Amino acid sequence: MTLDTASLELAARDARGLAMDAIAKCKSGHLGLPLGAADIGAVLFGAAMSYHPAEPRWLNRDRFVLSAGHGSMFLYGWLHLAGYAVSMDDLKNFRQLHSITPGHPEFHETPGVEATTGPLGQGVSNAVGFAISAKMAEARFNTPTHKIFDHHVIALAGDGCLQEGVAQEASALAGHLGLDNLILIYDSNNVTLDAMAPVTQSEDTAARYAAYGWEVQQVDGHDLHEIANAVAKAKSTASGKPQLVIAKTLIGKGIPEVSGTNKAHGEAGVKFVAASRKALGLPDETFFVSSETRAHFEKHRAELAAAHAAWERTYAAWRSANAELAKELDDALSGKTPDLLAAIPPFDPSVNIATRKAGSEVLQPVCAAMPLIVSGSADLHGSTLNYIQDGGDFNRTNHSGRNIHFGIREHAMCGIMNGIAYDGIFRASGATFLVFSDYGRPSIRIAALSHLPTVYIFTHDSVGVGEDGPTHEPVETVAALRAIPGLDVIRPADPEETAGAFAAAFQKTNGPTMLVLSRQNLPTLNQIPVATRREGVFQGGYIAKKETAKLEFLLLASGSELQHAIKAAEELGAGARVVSMPCFERFEAQSADYKESVLPKSCRKRVSIEAGISDPWFRYVGLDGKTVAIDRFGLSAPGNIVMEQLGITAAKVVEAARSL
Ligand SMILES: Cc1ncc(C[n+]2csc(CCOP(=O)(O)OP(=O)(O)O)c2C)c(N)n1
């Protein structure tokens, strides 16, 4: 690659200036990375990466993930210079209300931002997800005549990201899967936040990644040629290995008073900005970009546009030769989903099966109707039962497989699912035991924040797990998940509610859904019509058994406890109504009239039953009502005995109702 080093050096200087000015203006942010990694940015955006600013979501662009999200001004500065719709005013509004330049990069907010990053390590797992998505897209959509996907995924991560467990899990899996389309650039500056990095790390990162099965290069992160050569080599590798480029950098380069130390990390360098700008040769005018830098990017954009246009021709030819595949891709990108309930046959009413088993049966027609769903498990497919029967396994030699074996890496699984979802082509679902959702929670939270339509098929949902005991019995878990804004938590009661739950989850395109499924068998609730159970889930709460006299009691339940509420209502008599509440979030989204029709305010004698902590239910039972719940950890014994011991019975509901 011939490199216009003079222009790129100037561009790096201008990017440093923009970061200094934006951070000085708002008096907050992180100077260290944007200054230290400016030369890397110049090579990536000014020469090495393939992208098209006029179409930020161009299908075959190289994906760039700033895993070290605290260095957000790095990304905003380079997106601006590259020609994305990030204006100088946007840079001036860094970290201000409703700006498109928020404190940390947020997906959906800024053109060119591929992922929400800031919680360290997440971006590395996202990048692995992007790389898996790319491999799957190549396998599914490329043909011998037309290659429409052949892009790379490039992530920039610091010491903090690489220290995090999620990155370690994801990196190990990337090596195992041989994701040679992934390039991780390690901004190795020997500094973290509190101190110099050696205070907290002494491992040999090159050896660690080599041991994971990566190819490792080391460069001077300020030498444009070295960086460019390393990226070019990484892009053209035939090793079948993911690529780590360790770039040795000076954090805060350009502000000598703080550079190379942990003082450079945040905004401490701001007070030296005026002198530093001068020393870099920047004029007094702030938010300055030289005409040479503008000219460089104009020329570069024209080259990129030519490459994009060439790809467009291939793409058009591919579309006309592969109408069905093109429609499949269009539907995926536009979030079009079929009517899934119509695709799921009704269950035999005589079965008594666990909702995880019902889920397994529902998943098959759902995946037939939506061919781009992928389903993974953290080494528990045998228990979570979310294996796509005719889907094959995704592995280093089969990129068409729809079942992903994540290994015992729950956090990485959830982060990788986010990466697949950011890419927007495949629908990511993943599974483990519900109690281990805590291991993936940071990524689940980001899926909700970023409106990603990920689907978690998490089983073994209560103390009904039984013999494995309290370590494996969720008690506070469902409540804690309900606390995440935008996450639909659906806990179905029987096979037909499970059908509704899966359909609702995969038809939702603007946020994640947690399916909470039982390990133990449950009765099929045939006294409620099939359509009521299925469609009731979409509304989140519905009348499962209507009173036949004046309304006296409202009994609310979710999942495996709905059977007890129904039994209790039979004992309490004609004035008792049972409300199934599989999903609080969906119920809250209904109209006030609908909610009132299900839970009339006039009825204050309310009892809830759920095999979990009582807290979430006070919202519905109010000050006058009672909860039948488990406000302690579980027990190691057969599940039915644990339930009985902890008072999750119809008798307790009757007792609570009669005490009101
Ligand atoms: C999960 C998580 N923990 C803590 C933080 C707070 N934090 C932000 S940056 C940082 C230090 C990062 O060090 P490094 O990756 O080396 O970045 P650099 O100092 O080079 O900018 C910390 C602890 C965070 N953003 N995410």
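Numbering of ligands and ligand atoms starts at 1, following listing order. Bear in mind the structure is a predicted one, so any value in this text is a computation, not a measurement.
- Contacts between E164 and ligand 1 below 4.0 angstrom, taking non-hydrogen atoms only, involve the side chain exclusively.
- Looking at atom 16 (O) of ligand 1, its nearest protein heavy atom turns out to be V191 O, 2.7 Å.
- In terms of N/O distances under 3.5 Å, ligand 1 is not approached by I251.
- For ligand 1, one of its N or O atoms has an N or O atom of H70 under 3.5 Å away.
- In terms of protein heavy atoms, atom 6 (C) of ligand 1 is closest to L193 CD1, 4.4 Å.
- A donor atom on one side chain and an acceptor atom on the other are not found under 3.5 Å apart for H108 and H451.
- Shortest contact from atom 9 (S) of ligand 1 to any protein heavy atom: H265 CE1, 3.3 Å.
- Between the side chain of D62 and the backbone N or O of S50 there is at least one donor-acceptor pair closer than 3.5 Å.
- For P119, no nitrogen or oxygen atom sits less than 3.5 Å from a nitrogen or oxygen atom of ligand 1, counting backbone and side chain alike.
- Applying the 4.0 Å criterion to heavy atoms of G158 picks out, from ligand 1, the atoms 15 (O).
- Nearest heavy atom pair, residue N418 against residue A447, reads OD1-CB, 3.3 Å.
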- Pair S171-Y209, side-chain hydrogen bond (donor to acceptor under 3.5 Å, both in side chains): steps then yes or no: CA-CA 8 Å; S171 297; Y209 271 77; 2.7 Å; yes

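- When each atom of ligand 1 is checked for a heavy atom of N189 under 4.0 Å away, the hits are 18 (P), 20 (O).
- For the residue pair T384 and S377, a side-chain donor N or O sits within less than 3.5 Å of a side-chain acceptor on the partner.
- Among all non-hydrogen protein atoms, the one lying nearest atom 13 (O) of ligand 1 is T192 CA, 3.5 Å.
- Formation of a donor-acceptor pair under 3.5 Å by the R63 side chain with backbone atoms of E114 is not found in this model.
- Close approach to G118 involves these atoms of ligand 1, each under 4.0 Å from a residue heavy atom: 24 (C), 25 (N), 26 (N).
- Between H405 and F394, the distance separating the two ring centers is not shorter than 6.0 angstrom.
- Side chain to side chain, T192 and D159 fail the donor-acceptor criterion of an N or O pair below 3.5 Å.
- At least one N/O-N/O distance between G160 and ligand 1 falls below 3.5 Å.
- For atom 5 (C) of ligand 1, the closest non-hydrogen atom of the protein is L120 CD1, 4.0 Å.
- When all heavy atoms of L120 and E164 are compared, the closest pair comes out as O-CG, 3.3 Å.
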